*Asks:* 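Supplied in structure tokens, the structure appears directly below.
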Amino acid sequence: MPELPDVENFKRYLDATGLHKRIEHITLTSEKVLHGVTRQKLAAALTGHALSRTYRHGKHLFAELDDGPWLMLHFGMTGFLAYFQNLDDDPEHDRLRLDFDNGYHLAFVNQRLFGEVGVVEDPAAFITEQELGPDALALDEDAFRHVLAERRGQVKSALMDQSLIAGIGNVYSDEMLFQAGIHPKTLISDLDDAAVHTLYAAMMNVLNVAIDKGAGSADLFDNLPQGWLLPHRDEGAKCPRCGGAIEKVSAAGRGAYICPQCQPEP
DNA sequence: AACACACCCTGGACGC
DNA sequence: TGCGTCCAGGGTGTGT
């Protein structure tokens with residue numbers, strides 16, 4: 001579920017495992033993930049260099065190659081990073097593997113091939129070119145208010161629009177709206193100051209707690225505090241706040257899960 | 001401008 | 001057990 005919290009934890013994982021090790025060789029198993037770079041250029045950019053630091057913006061993860069260009073990773077709908085020594089532990093759907101000179105490997109795992117691997121000279125320029133909005137975690141409440149003010153339409157689609165705010169996807173937007181008690185189809189123009197304040201607080205809480213509780217790992221659901229929708233995000237499941245039945249509705253072109261009691265229809 | 005929809009790809013879940 | 005259909009957490013492009 002690679003949205004901002006997941007990617008943030010992938011970044012921390014990479015920081016803890018893959019930095020400052022010389023890349024002897026890369027293994028690219030699928031060219032479909034390449035984004036604006038050829039196999040040859042990717043190999044040339046990586047081989048012989050080490051990842052020196054990382055940077056995350058929204059759902060994009062960047063890793064600098066010594067003091068040169070940056071490796072760009074985007075996970076699409078599926079994926080994670082895996083660091084391991086024994087090739088027997090190489091996960092299925094490993095699309096790009098960095099083979100380090102210490103005998104370990106770092107794999108970009110991406111089952112559905114919607115992920116992207118690229119090489120960019122400058123993450124800031126890339127973010128501008130891709131027309132990505134500010135990272136969700138970097139938004140203060142005034143900026144959030146400002147972003148919403150220049151947008152009409154439904155609140156869920158605004159939260160998920162990467163050109164407005166980078167990092168929020170379908171799952172975590174559901175969680176934010178649930179915690180804020182706002183129906184996803186509510187028009188932004190119908191949110192009063194108090195509702196925007198509540199939504200901002202929910203956004204920050206969801207992002208920070210999800211990161212803290214292990215977003216991107218399998219045990220996230222077990223670690224989450226009571227009252228989160230996420231583990232109950234299923235049609236007919238029990239709402240963790242009121243006990244009512246969770247419903248699936250269509251919003252922003254995706255399946256959205258809501259509690260009709262806690263999030264009354266506008 | 002905002003929205004619905006088809007599409008990209010793989011594979012798990014579900015119904016028969 | 002086997003097979004077809006539907007659906008999934010991202011993003012893009014098209015038509016309205």
Side-chain angles (χ1 to χ4, degrees), chain A residues 1-10 28-36 56-61 72-81 91-96 108-118 126-127 129-133 135-136 147-178 183-191 203 206-207 210-211 213-218 220-221 224 228-237 246-258 266:
Chain A
M1 48 174 104
E3 302 180 33
L4 187 155
D6 315 276
V7 180
E8 175 62 25
N9 282 336
F10 299 159
L28 179 69
T29 317
S30 173
E31 299 207 1
K32 288 195 168 151
V33 298
L34 293 181
H35 185 74
R56 183 195 55 73
H57 185 95
K59 302 172 189 174
H60 289 266
L61 178 58
M72 181 280 290
L73 300 174
H74 186 281
F75 294 86
M77 283 175 86
T78 55
F80 55 93
L81 298 174
E92 202 178 353
H93 314 300
D94 171 359
R95 309 304 187 186
L96 172 66
F108 172 76
V109 185
N110 194 243
Q111 181 197 111
R112 286 175 64 191
L113 294 174
F114 289 155
E116 294 175 352
V117 170
F126 177 85
I127 289 160
E129 280 161 27
Q130 299 289 308
E131 298 182 338
L132 296 174
D135 185 77
V147 159
L148 288 187
E150 45 185 75
R151 172 84 174 207
R152 277 187 286 277
Q154 300 174 356
V155 62
K156 181 175 170 73
S157 103
L159 287 176
M160 290 176 59
D161 185 335
Q162 301 303 298
S163 70
L164 282 186
I165 305 170
I168 301 170
N170 195 27
V171 169
Y172 289 111
S173 63
D174 275 0
E175 186 67 47
M176 292 165 191
L177 291 164
F178 173 75
H183 190 283
K185 286 182 174 294
T186 306
L187 297 181
I188 291 165
S189 51
D190 289 341
L191 295 175
M203 174 176 87
V206 166
L207 295 174
I211 291 168
K213 299 302 179 186
S217 82
L220 173 67
F221 284 14
L224 285 174
W228 275 52
L229 173 66
L230 206 43
H232 314 279
R233 202 172 164 279
D234 227 334
E235 221 164 354
I246 299 300
E247 275 181 17
K248 183 182 181 183
V249 300
S250 178
R254 310 235 165 241
Y257 292 84
I258 60 157

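A quick note: this is a predicted structure, and the numbers were derived from the prediction, not measured. Proteins come first, then strands; the chains are lettered A, B, ... in the order of their sequence lines, and each starts at number 1.
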*Asks:* Taking only the P atom of each, what is the distance from dC5(B) to dC6(C) in whole angstrom?
*Replies:*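 Each nucleotide's P atom is 16 Å from the other's.
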*Asks:* Who pairs with D161(A) by salt bridge (charged side-chain N to carboxylate O under 4.0 Å, His left out), at least two apart in sequence or on another chain?
*Replies:*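 D161(A) satisfies salt bridge (charged side-chain N to carboxylate O under 4.0 Å, His left out) with R151(A) once adjacent residues are dropped.
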*Asks:* When you measure from the side chain of S173(A) to the backbone N and O of K156(A), does any donor-acceptor pair fall under 3.5 Å?
*Replies:*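 Such a contact is absent between S173(A) side chain and K156(A) backbone.
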*Asks:* Which part of the nucleic acid, if any, lies within reach of S157(A) when heavy atoms closer than 4.0 Å are counted: base, sugar-phosphate only, or nothing?
*Replies:*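 It contacts sugar-phosphate atoms only.
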*Asks:* Checking Q111(A) now: which residues fulfil side chain to side chain donor-acceptor pair (under 3.5 Å) with it, not counting sequence neighbours?
*Replies:*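 Side chain to side chain donor-acceptor pair (under 3.5 Å) check on Q111(A) returns nothing, list empty.
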*Asks:* Where does DNA chain C pair, written as one dot-bracket string 5' to 3', with Watson-Crick or G-U pairs under 3.5 Å, ( ) inside the strand, [ ] for crossing pairs and | for another strand?
*Replies:* .|||||||.|||||||
*Asks:* Please measure how far the P atom in dT12(C) lies from the corresponding atom in dG11(B), and state the result in whole Å.
*Replies:* 24 Å
*Asks:* Sort me out a list of protein N/O and nucleotides 10-14 of chain C N/O pairs below 3.5 Å, or just none if empty.
*Replies:*
{"unit_1": "dG10(C)", "atom_1": "OP1", "unit_2": "K59(A)", "atom_2": "NZ", "d": "3.3"}
{"unit_1": "dG10(C)", "atom_1": "OP1", "unit_2": "N170(A)", "atom_2": "N", "d": "3.2"}
{"unit_1": "dG10(C)", "atom_1": "O4'", "unit_2": "G76(A)", "atom_2": "O", "d": "3.3"}
{"unit_1": "dG10(C)", "atom_1": "O4'", "unit_2": "M77(A)", "atom_2": "N", "d": "3.4"}
{"unit_1": "dG10(C)", "atom_1": "N7", "unit_2": "R254(A)", "atom_2": "NH1", "d": "3.4"}
{"unit_1": "dG10(C)", "atom_1": "N7", "unit_2": "R254(A)", "atom_2": "NH2", "d": "3.3"}
{"unit_1": "dG11(C)", "atom_1": "OP1", "unit_2": "H74(A)", "atom_2": "NE2", "d": "3.1"}
{"unit_1": "dG11(C)", "atom_1": "OP2", "unit_2": "K59(A)", "atom_2": "NZ", "d": "2.8"}
{"unit_1": "dG11(C)", "atom_1": "N7", "unit_2": "R254(A)", "atom_2": "NH2", "d": "2.7"}
{"unit_1": "dG11(C)", "atom_1": "O6", "unit_2": "R254(A)", "atom_2": "NH2", "d": "3.2"}

*Asks:* List in chain and number order the residues that pass side chain to side chain donor-acceptor pair (under 3.5 Å) with R233(A), two or more places apart in sequence or in another chain; answer none if no residue qualifies.
*Replies:*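 Here the qualifying residues are D174(A).
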*Asks:* List for me each residue that meets ring pair (Phe, Tyr, Trp, His ring centres under 6.0 Å) alongside H57(A), sequence neighbours excluded, and say none if there are none.
*Replies:*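 Ring pair (Phe, Tyr, Trp, His ring centres under 6.0 Å) list for H57(A), sorted by chain: empty.
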*Asks:* Kindly write out the residues that satisfy salt bridge (charged side-chain N to carboxylate O under 4.0 Å, His left out) with E116(A), not counting sequence neighbours, or none if the list is empty.
*Replies:*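 Per chain and number, E116(A) pairs via salt bridge (charged side-chain N to carboxylate O under 4.0 Å, His left out) with no residue.
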*Asks:* Who passes salt bridge (charged side-chain N to carboxylate O under 4.0 Å, His left out) against R95(A), sequence neighbours left out?
*Replies:* none
*Asks:* So what does K156(A) hit on the nucleic acid, given a heavy-atom distance under 4.0 Å: a base, only sugar-phosphate, or nothing?
*Replies:* nothing
*Asks:* What are the 5'-most and 3'-most nucleotides of DNA chain B lying under 4.0 Å from any heavy atom of chain A?
*Replies:*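 Answer, 5' to 3': dA2(B) to dG11(B).
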*Asks:* Which of these passes side chain to side chain contact (heavy atoms under 4.5 Å, CB included) with V171(A): V206(A), D6(A), L229(A), L230(A)?
*Replies:*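 With V171(A) as partner, V206(A), D6(A), L229(A), L230(A) yield a single side chain to side chain contact (heavy atoms under 4.5 Å, CB included), made by L230(A).
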*Asks:* Can you list the residues that meet the ring pair (Phe, Tyr, Trp, His ring centres under 6.0 Å) rule with F108(A), with sequence neighbours excluded?
*Replies:* F75(A)
*Asks:* Using salt bridge (charged side-chain N to carboxylate O under 4.0 Å, His left out) as the criterion, list what pairs up with K59(A), not counting sequence neighbours.
*Replies:* none
*Asks:* Output all residues satisfying ring pair (Phe, Tyr, Trp, His ring centres under 6.0 Å) with F126(A), sequence neighbours left out; order by chain, then residue number.
*Replies:* H60(A), F62(A)
*Asks:* Roughly, in whole Å, what's the span from CZ in R233(A) to P in dC7(C)?
*Replies:* 15 Å
